[in-house]
> 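This is the structure I want to talk about, given as structure tokens.
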Amino acid sequence: MFVNTQMRLFLLILHFLEAGVFALDSKQFNILYLIADDLRPTLGCYSDPVVKSPNIDQLASVSTVFHNAYAKQAVCGPSRVYFLTSRRPDTTKLYDFNSYWRVHPNVSLSRARPQGIASNHSDDYPYSWSVPPYHPPSFKYEKRKVNKDGTLHSNLLSLPDIENTAEAIRLLKSMKDSHNPFFLAVGFYKPHIPFRIPREYLKLYPIESMTLAPDPDVTKKLPNVAYNPWTDIRKREDVQALNLSFPYGPIPKDFQLQIRQHYFASVSYVDAQVGKILQALDDFGLAKDTIVVFSSDHREHGEWAKYSNFDVATGVPLIVYKPGVTSPFPRPGEKTFPFIDVFQGTWEQFGKGHGVESVVELVDVFPTLSHLAGLRPLHRCPSSSFKIELCTEGSSLAYLIRNPERDPNREAYSFSQYPRPSDSIQENSDLPDLADIRIMGYSIRSTDYRYTLWVGFDPVHCQPNMTDIHAGEMYLLAEDPGEDSNVFDDFDQATVLRKLGMLPSWTESLKHHILHLSSSLKSKGIL
């Protein structure tokens with residue numbers, strides 16, 4: 001979801017130091033944070049057999065690659081505020097695009113940072129960023145109509161992500177002789193719709209070679225409240241011409257193939273922009289001193305959009321590079337990230353880097369980067385952290401980056417949530433405003449399960465009622481990795497459901513519930 005004032009490029013010269021989080025290590029590292037919008041782990045380094053992503057694969061080959069990383073809410077603004085502040089939506093009280101979390105009546109966060117975008121159509125400058133954010137001039141054309149053949153009504157000389165890349169390279173050049181560490185966050189609009197990219201990228205994926213999604217059907221026994229009707233897709237002129245029925249469609253197969261072709265092409269387009277920025281790190285002598293993070297904010301399942309708690313909506317790539325840790329320091333004159341032209345046809349087959357299978361969350365990125373940069377560890381947020389300027393609701397993953405083979409002696413979980421205005425499917429089911437939210441879907445994901453409860457929600461006080469259960473979902477991932485069959489009603493839930501309102505938080509409630517179910521299933525020999 002985009003708004004005209006969304007920023008995709010920001011520069012922050014380590015506001016952490018201003019907040020009194022003083023460096024502990026003698027060597028100071030810069031941080032380059034690369035964020036793609038709506039990118040699933042459809043990348044070569046995540047074993048995708050179709051997508052051509054040589055520059056990101058090259059980054060992954062010298063990095064730690066997290067294979068089970070998840071976002072908190074599958075929509076841009078709330079998700080970015082969540083992972084940039086390291087606080088969950090129930091803390092920031094941001095669930096939509098039209099609320100501003102800093103002025104919410106129940107929130108008084110004075111300068112928690114770094115903040116994100118698309119919060120009440122605000123850049124949040126100067127609270128979060130040290131310089132005004134860059135807005136690519138061509139973005140004003142992003143929502144303009146296209147011709148029936150997909151070409152633009154008016155000719156454009158550039159595109160937003162190309163302009164963002166050029167500005168990022170300019171900023172890196174300006175910092176090459178600086179002795180002050182910097183934090184540079186670069187966001188890419190793609191592969192978010194509309195798929196407005198240079199047409200040559202489509203040639204990488206001939207339509208005749210495209211295949212349909214492996215699980216295009218709606219999940220069996222999916223409650224209505226859990227379904228999103230992909231309203232934003234329906235607003236497109238070309239989709240409107242299909243005259244699809246609301247809310248289930250379906251989209252014709254030939255059109256599905258076109259969507260997949262354009263999505264993959266958009267990923268390769270973003271890969272090229274990433275490659276140019278990483279090459280600039282080498283060219284300006286910054287690669288040996290810069291931590292690089294590549295990720296996304298969230299990511300078909302018969303729904304063709306995000307707006308849910310499924311793995312395909314919340315699962316994201318997470319790649320972390322630290323010179324001297326994830327790979328040796330480059331030798332003098334050695335290039336770590338030479339640019340790879342995807343149109344050259346052949347390139348080196350890279351290794352997969354150091355893979356981590358543990359379940360992690362994007363709320364963990366902030367404390368992880370603080371740790372890797374040699375800063376003082378962040379304090380854990382208390383249950384009510386509205387007036388606390390700097391704390392985290394996540395955990396540092398630095399130990400996994402330094403020792404990827406290390407298996408933590410605990411079950412790891414990720415948590416996500418998504419709001420709905422009603423039990424029934426409505427036009428605003430995908431993106432309800434705060435005042436219209438009546439139900440919240442709270443979800444927990446472990447190695448073996450995804451478990452979701454849809455419960456009553458008070459939008460005035462931003463409080464769930466865990467005893468007001470509207471529907472549930474449960475997926476046994478070993479036998480159903482695509483989350484195609486909801487088995488919630490196949491098991492007796494009554495004993496544990498009665499205890500949900502007694503625990504201090506919904507995360508503890510769901511964790512308690514899933515532990516009970518796991519014990520029950522294992523005792524019956526199901527797992």
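Note that the numbering runs from 1 along the sequence shown for the chain.
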> Side chains of Leu434 and Cys462: does their closest heavy-atom pair fall under 4.5 Å?
yes
> Can a donor-acceptor pair be found, under 3.5 Å and without considering hydrogens, that links the side chain of Arg420 to the backbone of Val225?
yes
> Looking at OG1 of Thr42 and CZ of Arg260, how far apart are the two atoms once the value is rounded to the nearest 0.5 Å?
9.5 Å
> Please determine if Lys221 and Asp490 form a salt bridge, counting it only when a charged side-chain N lies under 4.0 Å from a carboxylate O.
yes
> What distance separates Leu184 CG from Ile31 CD1, expressed to the nearest 0.5 Å?
11.0 Å
> Run the side-chain contact (heavy atoms from CB on, under 4.5 Å) test on Ile319 and Val293 for me, step by step, so that the C-alpha distance in whole Å, both residues' side-chain angles and the decisive distance to 0.1 Å come before the verdict.
CA-CA 6 Å; Ile319 301 170; Val293 182; over 6 Å; no
> Before you tell me yes or no, could you show the steps for Thr91 and Glu393 under side chain to side chain donor-acceptor pair (under 3.5 Å), namely the whole-Å CA-CA distance, both residues' side-chain angles and the distance that decides it to 0.1 Å?
CA-CA 9 Å; Thr91 297; Glu393 294 180 6; 2.5 Å; yes
> Closest heavy-atom contact between Ser429 and Pro421?
CA-CD, 3.7 Å
> Are any non-hydrogen side-chain atoms of Val50 and Met210 less than 4.5 angstrom apart?
yes
> Counting C-beta onward and ignoring hydrogens, is there a side-chain heavy-atom pair between Tyr248 and Val218 closer than 4.5 Å?
yes
> Run the numbers on His513 and Tyr451 for side chain to side chain donor-acceptor pair (under 3.5 Å), then give the verdict.
CA-CA 9 Å; His513 198 164; Tyr451 187 86; 3.2 Å; yes
> Any donor and acceptor pair, going by atom type alone, linking the side chain of Asp38 with main-chain N or O of Pro191 inside 3.5 Å?
no
> Taking the six-membered ring where the residue is Trp, are the ring centres of Tyr269 and Phe188 under 6.0 Å apart?
no
> If you look at every heavy atom in Pro223 and Gly472, which pair is closest and at what distance?
CG-O, 4.0 Å
> Has the side chain of Asp430 got a donor or acceptor atom that lies under 3.5 Å from a matching backbone atom of Asn228?
no
> From the options Leu222, Asp480, Leu476, Thr219, select the one residue that forms a side chain to side chain contact (heavy atoms under 4.5 Å, CB included) with Ser485.
Asp480
> With the side chain counted from C-beta on, respond yes when Trp506 and Met440 share a heavy-atom pair under 4.5 Å apart, and no when they do not.
no
> Does Tyr442 have its ring centroid less than 6.0 Å away from the ring centroid of Trp454?
no
> Are Phe246 and Ile425 close enough, and set up right, to give a side-chain contact (heavy atoms from CB on, under 4.5 Å), and what steps lead you there?
CA-CA 9 Å; Phe246 184 89; Ile425 303 170; 4.1 Å; yes
> Roughly how far apart are Phe457 CZ and Asp468 CG, rounded to 0.5 Å?
12.5 Å
> Not counting sequence neighbours, which residues clear salt bridge (Lys or Arg N to Asp or Glu O under 4.0 Å) with Arg445? List them please.
Asp311
> Do the side chains of Pro89 and Gln417 get nearer than 4.5 Å, heavy atoms only?
yes
> Over all heavy atoms of both residues, which pair between Met474 and Asn486 is shortest? Give the atoms and the distance, please.
N-OD1, 2.8 Å
> How far does CG of Asp161 sit from CZ of Arg196, to the nearest 0.5 angstrom?
12.5 Å
> Is a side-chain donor or acceptor of His512 paired with a backbone partner of Glu508 at a separation under 3.5 angstrom?
no
> To check you understand the geometry: which heavy-atom pair defines the closest contact between Ser86 and Gly394, and what is its length?
OG-N, 3.7 Å
> Backbone N or O of Leu397 within a donor-acceptor pair of the Thr368 side chain at under 3.5 Å?
yes
> Considering non-hydrogen atoms only, spot the tightest contact between Ser370 and Leu378 and give its length.
OG-CG, 4.2 Å
> With side chain to side chain donor-acceptor pair (under 3.5 Å) as the test, would you mind laying out the steps for Tyr205 and Ser268 before giving the verdict?
CA-CA 10 Å; Tyr205 305 94; Ser268 292; 2.5 Å; yes
> Drop me the distance from Ile437's CD1 to Tyr418's OH, to the nearest 0.5 angstrom.
9.0 Å
> Can you find a pair of side-chain heavy atoms, one from Val267 and one from Tyr201, that are under 4.5 Å apart?
no
> Please test Tyr33 against Leu369 for side-chain contact (heavy atoms from CB on, under 4.5 Å), starting from the C-alpha separation and ending with a verdict.
CA-CA 10 Å; Tyr33 200 155; Leu369 291 180; 4.3 Å; yes
> Is any NZ, NE, NH1 or NH2 atom of the basic residue among Arg450 and Glu473 found under 4.0 Å from an Asp or Glu carboxylate oxygen of the other?
no
> Do Ile259 and Ile251 make a side-chain contact, defined as non-hydrogen atoms from C-beta onward lying under 4.5 Å apart?
yes
> Out of Val316, Val359, Leu318, Leu362, which residue meets the side chain to side chain contact (heavy atoms under 4.5 Å, CB included) rule with Tyr70?
Val359
> To the nearest 0.5 Å, how far apart are NZ in Lys190 and CD1 in Ile197?
8.5 Å
> Just wondering, do Leu390 and Phe366 contact through their side chains at under 4.5 Å, heavy atoms?
yes
> What verdict does the side chain to side chain donor-acceptor pair (under 3.5 Å) test give for Asn465 and Thr467, after you've listed the backbone C-alpha separation in whole Å, the side-chain angles of each residue and the deciding distance to 0.1 Å?
CA-CA 5 Å; Asn465 181 355; Thr467 63; 2.6 Å; yes
> Which atoms form the tightest heavy-atom contact between Val51 and Leu43, and what is the distance?
CG1-CA, 4.4 Å
> Could you go through Leu510 and Tyr413, starting from their C-alpha distance and side-chain angles, then the distance that decides it, and tell me whether this counts as side-chain contact (heavy atoms from CB on, under 4.5 Å)?
CA-CA 10 Å; Leu510 292 192; Tyr413 305 94; over 6 Å; no
